[in-house]
Amino acid sequence: MLQIQNIRDNKEQILLALNKRNKDFSSTIDQLLEIDAQRRKIQQEMEAFLAQGNALAKQIGDLFKSGNKAEADALKEQTATIKQNSKQLEEKLAVLEAEQQQLLYLLPNTPHESVAFGKGAEENVNVKEVGTIPILPENKKAHWDLADQYGLIDFETGVKITGAGFPIYRGKGAILQRALINFFLDEARKAGYEEVIPPHVVNEASGYGTGQLPDKEGQMYHIGVDDLYLIPTAEVPLTNIYRDVILKESELPVRITGYTPCFRREAGSYGKDVRGLNRLHQFDKVEIVQIAHPNDSYTILEDMVKHVEGLLQKLELPYRILRLCGGDMGFTSALTYDFEVFSAAQERWLEVSSTSNFETFQANRLKCRIKGQDGKTILAHTLNGSALALPRIVASLLENHQTADGIRIPAALVPYTGFEWIK
RNA sequence: GGAAAGGUGGGUGAGUGGCUGAAACCAACAGUUUGCUAAACUGUCGUAGGGGAAACCCUACCGGGGGUUCGAAUCCCCCCCUUUCCGCCA
């Protein structure tokens, strides 16, 4: 959430930045500033009455103590109108504050200066492309056929037990999942992240903290009886650890990683793009999260990008890195790099990681702050990235490493799987 | 699910109507002194909103929301949460 004070002080700058999202927010901003001005005016008036009332109450108290009951009673009569006035203003103020809040919720994060204007995915900037795309034999198979052939994943039975998008991994398919999770966690630990096992279900406040609520309400599974949400990503519980926390500069940066299943309703997405492992309702992911000082957050973002790159290289997958344009970037992000691997049988790029700097957007909602040496508190910057999401990694591993003799496991993963081939 | 206790500043914890935005202790920060990885002493030390060039001032906040009162951390009502015991149970 943007800060009203910032909007007040840097209106033009913010509008310019928001324009990159290919949407015009000027009317929202104008409305917001108008309400803000009203709000402050009303607040001043109300506080003047409150101050008056406080002073009177003190006087009355003193008079009572000195036994001057008559004079005290006389003063009491004055309090009625003051109370009435402040109460009226308080109601007005509450309305204005609520309106202001609603408008603030509508504003996405301001893109970083390096983010390009753009309408949608086709205008994302290709930062780099690494690795060679394997040349597969004529009879190459898509991962859903390979998964079936080698008995790795049972999509149909998942449908029976739960529904579409809840696959069952079996045998080497299941071991491969576990191997990838361990591999990713180990790599994150080596890079300095503390491993965390968070809850997989969160409350409403946490949903608001990282920005899933109210924007993406329909995308999360909601447990009605207990009013809790299944996490769509570990980002939610991991980042919310630092909700309402004031960190010392010496504690920065905070680096944590966690594996969790992720649950997404993905309402409204159907078709061939969602076949097999391409889009699921439940999937596994290792997430990396950092809380950083504003001065360091972009250096840290680059570090995180390097980390994710390292993983893809070790898995011997051809990948590309995209810097998302304004129109394709998530609501809460200031700068996002997407990682895509080329899945050679489907002959398409699949997104496997999204690594972002949210600057103060989440921190403002989370109230995650840093207390500096000078004693002043400032909002922290939050960052996170998938490192990595499993299903599409598995899809491309199966497709890219398929041979006539079976599927080859990349060397870096063999210590984790315990086998070199899926045959 | 049943019963009880409790939610106060970074932590422990005092505070039952005005002298309390809140004692004390610990932690933290700054300094003094002494100096072998420390101790002692002194000082600072909640958050947010608003006003002001600034010094500083005002307002709100003791789980959340309402109420009583001239005045509420303190009294009343509702809700939420935590802990303990019992029950159930991986």
Side-chain angles (χ1 to χ4, degrees), chain A residues 1-9 32-104 197 199-209 213 222-229 237 240-252 254 261 291 293 360 363-380:
Chain A
M1 191 163 63
L2 299 179
Q3 298 156 86
I4 184 66
Q5 196 164 356
N6 193 15
I7 297 174
R8 208 186 294 148
D9 297 342
L32 203 46
L33 287 176
E34 203 184 305
I35 287 174
D36 178 54
Q38 271 183 58
R39 191 205 97 227
R40 281 182 296 158
K41 183 167 158 278
I42 300 279
Q43 183 173 333
Q44 279 176 51
E45 290 173 17
M46 180 192 77
E47 286 180 356
F49 280 120
L50 287 176
Q52 220 179 325
N54 285 343
L56 263 180
K58 204 168 184 93
Q59 272 184 52
I60 292 169
D62 290 342
L63 287 171
F64 267 122
K65 248 176 282 173
S66 60
N68 202 337
K69 194 157 180 309
E71 214 172 312
D73 285 336
L75 280 183
K76 267 196 203 177
E77 287 171 22
Q78 290 182 35
T79 61
T81 53
I82 291 173
K83 252 169 107 174
Q84 212 176 13
N85 287 334
S86 65
K87 189 125 199 162
Q88 264 176 22
L89 290 167
E90 194 188 343
E91 281 164 20
K92 272 194 205 170
L93 189 65
V95 171
L96 287 168
E97 279 174 348
E99 282 175 12
Q100 181 171 315
Q101 189 69 12
Q102 286 312 308
L103 287 172
L104 279 173
I197 301 180
H200 299 170
V201 172
V202 296
N203 58 27
E204 194 183 32
S206 294
Y208 273 95
L213 295 173
H222 182 225
I223 304 167
V225 270
D226 294 307
D227 198 17
L228 296 170
Y229 295 87
N240 270 283
I241 293 174
Y242 296 94
R243 171 153 52 87
D244 295 321
V245 169
I246 300 180
L247 292 155
K248 281 176 280 186
E249 263 177 31
S250 58
E251 295 174 288
L252 297 174
V254 170
I291 315 267
H293 192 282
T360 60
N364 189 29
R365 285 202 197 171
L366 291 162
K367 300 217 167 36
C368 175
R369 288 155 296 178
I370 301 166
K371 192 166 209 124
Q373 296 275 313
D374 56 1
K376 290 204 171 126
T377 53
I378 54 167
L379 289 172

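To find a chain, count down the sequence lines: A is the first, B the second, and so on, and within it residues start at 1.
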Novice: On a heavy-atom basis, which atom in Q38(A) and which in L96(A) lie closest, and how many Å separate them?
Specialist: OE1-CD2, 3.6 Å
Novice: What is the separation between atom CD on Q5(A) and atom C1' on rG51(B), rounded to the nearest whole Å?
Specialist: 12 Å
Novice: rU84(B) and rC78(B): how far apart are their P atoms, nearest whole angstrom?
Specialist: 26 Å
Novice: With side chain to side chain contact (heavy atoms under 4.5 Å, CB included) as the test, pick out the partner of Y242(A) among D244(A), N240(A), V245(A), I246(A).
Specialist: V245(A)
Novice: Looking at T377(A), does any N or O in its side chain come under 4.0 Å of the phosphate oxygens OP1/OP2 on rG46(B)?
Specialist: no
Novice: Looking at rU47(B), I'd like to know if its phosphate oxygens (OP1 or OP2) sit under 4.0 Å from a side-chain N or O belonging to K371(A).
Specialist: yes
Novice: If we take the C1' atom in both rU33(B) and rU42(B), what is their distance in whole Å?
Specialist: 11 Å
Novice: Measure the spacing between CD of Q84(A) and OG1 of T79(A) and express it to the nearest 0.5 Å.
Specialist: 11.0 Å
Novice: Between rC85(B) and rG11(B), how far apart are the P atoms? Round to whole Å, please.
Specialist: 25 Å
Novice: Rounded to whole angstrom, note down the P distance from rC45(B) over to rG50(B).
Specialist: 23 Å
Novice: Quote, to the nearest angstrom, the P distance that separates rC19(B) from rU37(B).
Specialist: 48 Å
Novice: In the 5'-to-3' direction, what one-character label does each nucleotide of nucleotides 57-72 of chain B receive under the scheme B = base within less than 4.0 Å of a protein heavy atom, S = sugar-phosphate only, - = no such atom?
Specialist: -BBS------S--BS-
Novice: L247(A) CG to rC29(B) P: how many Å, rounded?
Specialist: 15 Å
Novice: Where do L32(A) and I4(A) come nearest, in terms of heavy atoms and distance?
Specialist: CG-CD1, 3.9 Å
Novice: Which distance, rounded to the nearest 0.5 Å, do you find between the CD of Q52(A) and the OG of S86(A)?
Specialist: 9.5 Å
Novice: Output the rounded distance in Å from CG (L379(A)) to P (rU47(B)).
Specialist: 13 Å
Novice: Across the strands shown, which category fits K248(A) at heavy-atom distances under 4.0 angstrom: base, sugar-phosphate, nothing?
Specialist: nothing
Novice: What stems show up for RNA chain B when you take Watson-Crick pairs (N1-N3 plus N6-O4 or O6-N4) and G-U wobbles (N1-O2, O6-N3), both under 3.5 Å, and require three or more consecutive pairs?
Specialist: B:1-7 with B:80-86, B:10-12 with B:24-26, B:28-32 with B:40-44, B:46-51 with B:56-61, B:63-67 with B:75-79
Novice: Would you say R39(A) reaches rG50(B)'s phosphate, i.e. side-chain N/O to OP1/OP2 under 4.0 Å?
Specialist: yes
Novice: Got a salt bridge between K41(A) and E45(A), using NZ or NE/NH1/NH2 to carboxylate O under 4.0 Å?
Specialist: yes
Novice: So, using ring-ring contact (aromatic ring centres under 6.0 Å, His included) as the criterion, who are the partners of Y229(A) when residues are at least two apart?
Specialist: H222(A)
Novice: Looking only at atom P, what distance separates rC75(B) and rU8(B), rounded to whole Å?
Specialist: 16 Å
Novice: On the nucleotide rG49(B), are OP1 or OP2 found under 4.0 Å from the side-chain N or O atoms that R40(A) carries?
Specialist: no
Novice: Roughly how many Å is it from CD1 in I246(A) to P in rG11(B), rounded to a whole number?
Specialist: 10 Å
Novice: So, E71(A) versus N68(A): side-chain donor-acceptor pair below 3.5 Å or not?
Specialist: yes
Novice: Can you tell me the distance, in whole Å, between the NZ atom of K367(A) and the P atom of rG10(B)?
Specialist: 14 Å
Novice: Taking atom C1' of rG10(B) as reference, at what distance in whole Å does atom CZ of R369(A) sit?
Specialist: 12 Å
Novice: Output yes when D73(A) and K69(A) qualify as a salt bridge under the 4.0 Å nitrogen-oxygen rule, no when they do not.
Specialist: yes
Novice: Ignoring hydrogens, what is the shortest heavy-atom contact between L379(A) and A363(A)? Give both atom names and the distance.
Specialist: CD2-O, 3.7 Å
Novice: Side chains of Q101(A) and M1(A), heavy atoms from C-beta outward: is any pair under 4.5 Å?
Specialist: yes
Novice: What integer number of Å spans the C1' atoms of rG52(B) and rC58(B)?
Specialist: 11 Å
Novice: Quickly work out the L228(A) CG to rC80(B) P distance and round it to whole Å.
Specialist: 14 Å
Novice: Distance check, C1' atoms only: rU74(B) and rA14(B), in whole angstrom units.
Specialist: 13 Å
Novice: Could you tell me how far apart F49(A) (CZ) and rG50(B) (C1') are, to the nearest whole angstrom?
Specialist: 16 Å
